[in-house]
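The next block holds one structure in the form of structure tokens; read it before the comments.
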Amino acid sequence: MRLDALLFSQGFGTRRLCAGLIERGLVAVEGQVVTDPAAAVEPEGLRFSVQGEPWICHAQAYLMLHKPAGYECSHRPGAWPSVYTLLPPPLRQRPTKGKVQGVQAVGRLDQDTTGLLLLSDDGAFIHRMNSPRHLVPKVYEVTLKHPMGAGELDRLLAGVQLHDDLKPVRAAAGELASPTRLLLTLTEGKYHQVKRMVAAVGNRVEALHRSRIGGLALPGDLAPGEWRWLAADDLALLSAAPG
Ligand code: URA
């Protein structure tokens, strides 16, 4: 693959811009400055830098972000900043089939929800992770306004009726870590689902944090606002049961 085409594929701007960066000596490949835009490179895993910023080539982007509160999962947010502003520009400018689309969030978390958010430019992956047919379990840590009794938890597990749904929705698993701290596992991702389910049993969510998707837990050393690439092991864990 040509070096200018590789830079374009990774979101460093138009082909012309990428060729210009290379010709101006601003791109180093494996530590060596390369000034020929047509230089041949082996893309996958290639380490390069653009204007001193290191990058590793990924044919497709799969990442996790520790979403902080106060950010919207939208490219055109309303009152709050977008989660996409927490990512470096190349991830927001990656082309898909020649068009700049950038990575997309795999489902949405509310503005005030924190925790594990996946992002990717692989449409099939996003669809698979979001599809209720694939039943990917997502674990939420819910801080409740009122102490929850065993009866309310039983109702969440048996299924509660949300206004716009014909069928009741039920939690796949639930456990009270304390009377006001609930661990809830859902396999669907309906709008405000946790908040609406908790409201349906007469309680209220004070804080919501997603700690796990499938077998992949939010790493303790990933601070709010930080992101990282998903390794092959992480991707495999997504299809495993929550541990
Ligand atoms: N359920 C909610 O109510 N909000 C979220 O952000 C995620 C799940």
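As the structure lists them, so they are numbered: ligands from 1, and atoms in each ligand from 1. Worth saying up front: this structure is predicted, and the values here are computed from it rather than measured.
- Considering backbone and side-chain N/O atoms, Thr113 comes within less than 3.5 Å of an N/O atom of ligand 1.
- Residue contacts with ligand 1 for Leu186 are absent, since no atom lies close enough (heavy atoms, distance under 4.0 Å).
- With a 4.5 Å cut-off on side-chain heavy atoms, Arg204 and Val198 do not count as touching.
- Closest to atom 4 (N) of ligand 1, if we only count protein heavy atoms, is Asp110 OD2, 2.7 Å.
- Arg128 and Asp122 are not joined by a salt bridge, as no carboxylate oxygen comes within less than 4.0 angstrom of a charged side-chain nitrogen.
- Remark: minimum distance from atom 7 (C) of ligand 1 to any protein heavy atom is reached at Tyr140 CE2, 3.7 Å.
- No side-chain heavy atom of Arg196 sits under 4.5 Å from any side-chain heavy atom of Val169.
- Residue His192 places at least one N or O, backbone or side chain, under 3.5 Å from an N or O of ligand 1.
- For ligand 1, the polar-atom distance check finds no N/O of Arg196 at less than 3.5 Å from any of the ligand's N/O atoms.
- Relative ring orientation between Tyr84 and His75 is described as parallel, the plane-to-plane angle staying below 30° on a 0-90° scale split at 30° and 60°.
- For atom 1 (N) of ligand 1, the closest non-hydrogen atom on the protein side is Val194 N, 3.1 Å.
- A donor-acceptor distance shorter than 3.5 angstrom exists from the side chain of Gln111 to the backbone of Gly70, with no hydrogens or angles considered.
- Heavy atoms of Tyr191 come nearer than 4.0 angstrom to ligand 1 in no pair at all.
- A salt bridge links Lys195 with Asp110: the distance from a Lys NZ or Arg NE/NH1/NH2 to an Asp or Glu carboxylate oxygen falls below 4.0 Å.
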